[in-house]
There are 2 protein chains.
Amino acid sequence: MKNVTISDVAKHAGVSKSTISQYLNGRYEYMSEHTRKKVEYSIRELNYRPNIIARSLSQKSTFTVGIIVANILHSFSTHIIRAIELNFNKHGFHTIVCNADDEPEKERQYIEMLMAKQVDGMIIFPTGDNLDLYEQMKKKKYPIVFMDRTIEGLGIPSILLENEQAAEVAVKALTDNGHSRIAILTAPVTRNITPRLERIEGYKKALVSRGIQVQDEYIHSVEVEEMKVSLRNMFELDQRPEAIIAGSDRVLVEILNFAKEHQLVIPKDLAVIGIDDVSFANLFTPQLTTISQPTTKMANKAVELLLQQIKGEQKLSNDKTIRFGGQLNMRQSH
Amino acid sequence: MKNVTISDVAKHAGVSKSTISQYLNGRYEYMSEHTRKKVEYSIRELNYRPNIIARSLSQKSTFTVGIIVANILHSFSTHIIRAIELNFNKHGFHTIVCNADDEPEKERQYIEMLMAKQVDGMIIFPTGDNLDLYEQMKKKKYPIVFMDRTIEGLGIPSILLENEQAAEVAVKALTDNGHSRIAILTAPVTRNITPRLERIEGYKKALVSRGIQVQDEYIHSVEVEEMKVSLRNMFELDQRPEAIIAGSDRVLVEILNFAKEHQLVIPKDLAVIGIDDVSFANLFTPQLTTISQPTTKMANKAVELLLQQIKGEQKLSNDKTIRFGGQLNMRQSH
DNA sequence: CTGTTAGCGCCTTCAT
DNA sequence: ATGAAGGCGCTAACAG
């Protein structure tokens with residue numbers, strides 16, 4: 001019933017514990033062919049599995065990393081998670097995924113839990129409200145990488161989309177098709193959530209540079225539950241928008257639902273471009289024009305940066321924010 | 001730089017390690033008000049966090065469970081994962097998610113890894129090819145619950161959908177709308193994957209009970225990549241099907257793509273019902289009729305059964321397979 | 001090449 | 001109410 005330990009194997013093979021340990025860690029040079037065979041046999045015979053917990057305790061390294069996403073409902077999050085996990089697996093690291101559900105308090109709990117669990121590092125989509133913790137970790141040189149969002153002035157390496165450029169590309173695609181009354185809808189910008197701020201900023205700049213006036217009534221940042229109301233308000237304006245940019249996949253769904261409910265034909269009555277790709281972009285009628293993020297590249301970069309920190313190769317470039325360009329998927333909704 | 005340990009706190013507070021340990025575990029009866037205050041103060045002061053790894057080693061319990069999904073690309077998997085994680089969190093357990101990617105070999109590695117990590121239990125969507133491992137775990141009384149699929153004769157508690165009933169409901173909805181040439185498409189049935197087998201079985205029974213002859217050309221079980229070909233074959237039959245049941249969300253997407261490519265109007269040219277709900281069911285034109293699984297209930301039951309095992313409350317009911325009914329979401333594609 | 005010894009950080013009797 | 005001591009399973013010098 002009780003688990004077989006390294007001592008049991010040692011006894012069975014007639015050698016000492018340390019020899020077994022050597023074997024487990026692949027240091028075969030330190031033992032005779034004969035010993036090796038014996039150990040190998042004993043291990044199979046007893047069906048022995050090393051206890052990673054014990055190993056971690058003595059090595060002070062768990063070969064496990066944590067990912068805390070702000071909200072797992074975004075397709076971007078899930079894609080990033082998959083890519084990160086795949087990559088870390090290749091490097092022999094395991095991954096614990098946590099969903100902060102946009103609640104800073106949950107994020108705090110997860111960070112503390114992960115530290116208690118001695119994970120070797122974390123990739124965080126910061127909610128933006130736990131500055132003290134971020135600073136603490138930074139000071140302790142705890143390996144950490146921010147994803148999707150960043151916190152100014154902390155010097156924590158961050159992987160971001162070229163958000164302004166993405167918004168500009170969206171605006172350009174719309175104006176190229178003759179639209180000028182362009183709106184943008186995003187989730188709330190409380191706590192200065194990077195991508196939302198930057199996308200709105202890019203949107204404004206793009207309008208201005210095209211001589212189109214920025215209208216505040218065309219810019220809404222509200223909770224998903226309130227988007228219907230926002231949209232209705234926009235569409236009751238004298239000059240209602242003829243095009244809209246969705247700040248994320250979830251926003252896009254809300255917009256599409258609204259269009260369906262009000263029988264707005266896309267793109268005739270309302271042109272739509274979404275930031276973030278959605279699984280049904282090609283299925284939808286009309287096919288949905290989107291700007292997708294290079295999730296795999298971004299994930300790989302995050303893994304690379306985190307591993308550098310974990311292995312102590314603190315390159316200078318680590319303190320930089322690294323940006324990736326979005327890709328316009330020209331389809332038919334704009 | 002180095003982490004603060006229980007000894008540091010003890011020293012700082014001027015008491016012994018065991019007192020701190022008592023404090024950490026909430027056994028305040030064993031110490032004076034004064035001591036408690038001192039300890040509390042020292043912990044804050046030193047910003048001490050208990051090392052869970054060390055605790056796990058001595059307690060022989062990690063308060064962590066593993067989930068191994070067969071394929072994380074199914075919406076069903078992700079919904080289940082979310083629900084399970086949420087529930088376990090409430091109980092103070094953490095979750096490690098692994099994706100076997102439909103490869104038994106990966107599943108095997110993950111199982112071994114999770115055992116090595118000393119997780120307190122696992123919820124597995126079995127690929128079906130690691131009988132020896134399953135048996136080994138069963139014998140060791142390692143807490144384990146199967147989800148979505150089961151392995152006959154192992155006596156491992158399993159949470160399943162009423163698959164036959166779900167397929168029957170689909171057939172009924174289609175025949176009610178006047179269809180009789182009904183096809184079904186699923187992923188491969190190699191390794192006897194429960195839901196696929198049972199759904200096909202339920203489909204056959206439903207046809208027979210309605211006096212419709214079962215035609216093998218209408219039943220395809222192939223890899224996602226080959227579904228286009230399967231569909232083309234079906235549609236080149238003299239008597240091509242006028243309705244089709246999608247065995248899962250991924251199958252549904254393939255069918256919709258096929259319909260789009262071939263300009264088949266749903267449901268006029270082809271009626272469609274999907275098993276598993278999809279995020280865009282309501283968005284699609286026409287809205288998609290689906291049969292959804294009660295993921296939250298299923299997840300909660302799995303958590304309940306696993307916790308029972310972990311806590312040693314091996315109820316008899318544990319050996320049973322527990323089934324949940326699917327829900328028909330009447331929409332417009334059938 | 002192999003065995004001995006001393007931790008890793010915490011928990012748990014058992015004394016006091 | 002508090003402290004001392006041993007142990008969880010493994011690793012890592014250090015001898016031999």
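Letters A, B, ... mirror the listed sequences (proteins, then strands); counts begin at 1. Bear in mind that the values here come from a model prediction, so they are computed numbers and not experimental data.
Atom pair Met31(A):CE and dG3(C):P shows a separation of 10 Å (rounding to whole Å applied). In this structure, Asn3(A) atom CG and dC10(D) atom C1' are separated by 14 Å, rounded to whole Å. Separating the NZ atom of Lys38(A) from the C1' atom of dT2(C) is a distance of 10 Å, rounded to the nearest angstrom. Atom OH of Tyr28(A) and atom P of dT2(C) are 14 Å apart (whole Å). To the nearest angstrom, P of dT11(D) lies 13 Å from CD1 of Ile53(A). In this structure, Tyr23(B) places its OH atom 16 Å from P of dG3(D), rounding to the nearest Å. The distance between atom NZ of Lys60(A) and atom C1' of dG9(C), rounded to the nearest whole Å, is 8 Å.
When only modelled atom types and interatomic distance are considered, Thr64(B) and Lys117(A) share a side-chain donor-acceptor pair under 3.5 Å. Under 3.5 Å, the side chains of Thr35(B) and Ser32(B) contain a donor-acceptor pair of N or O atoms. No side-chain N or O of Thr62(A) forms a donor-acceptor pair with one of Gln118(A) less than 3.5 Å apart. With 3.5 Å as the limit, one finds a donor-acceptor pair spanning the side chains of Asn47(A) and Gln136(B). For the residue pair Tyr110(B) / Asn89(A), a side-chain donor-acceptor distance below 3.5 Å is found, with atom types taken as modelled.
Atom OG1 of Thr127(B) sits about 11.5 Å away from atom CG of Asp101(B), to the nearest 0.5 Å. Ile52(B) contributes atom CD1, which lies 7.5 Å from atom CE of Met113(A) (distance to the nearest 0.5 angstrom).
Using a 4.0 Å heavy-atom criterion, one finds that Thr35(B) contacts the sugar-phosphate atoms exclusively.
A close approach under 4.0 Å does occur between a side-chain nitrogen or oxygen of Thr19(B) and OP1 or OP2 of dG3(D). At the phosphate of dC10(D), neither OP1 nor OP2 sits under 4.0 Å from any side-chain N or O atom of Ser56(A).
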For this session: Report, as a single string ordered 5' to 3', how protein heavy atoms within less than 4.0 Å touch nucleotides 10-16 of chain C: B base, S sugar-phosphate only, - not at all.
Result: BBB----
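Aromatic rings of Phe125(A) and Phe146(A) (six-membered ring for Trp) have centroids beyond the 6.0 Å cut-off, not under it.
Other residues, nucleotides and ligands place more than 12 heavy atoms under 6.0 Å from the NZ atom of Lys138(B).
Comparing the helix axis at one end of the helix from dC1(C)-dG16(D) to dT16(C)-dA1(D) with that at the other, each defined from 5 consecutive pairs, gives an inter-axis angle of 40° (nearest 10°).
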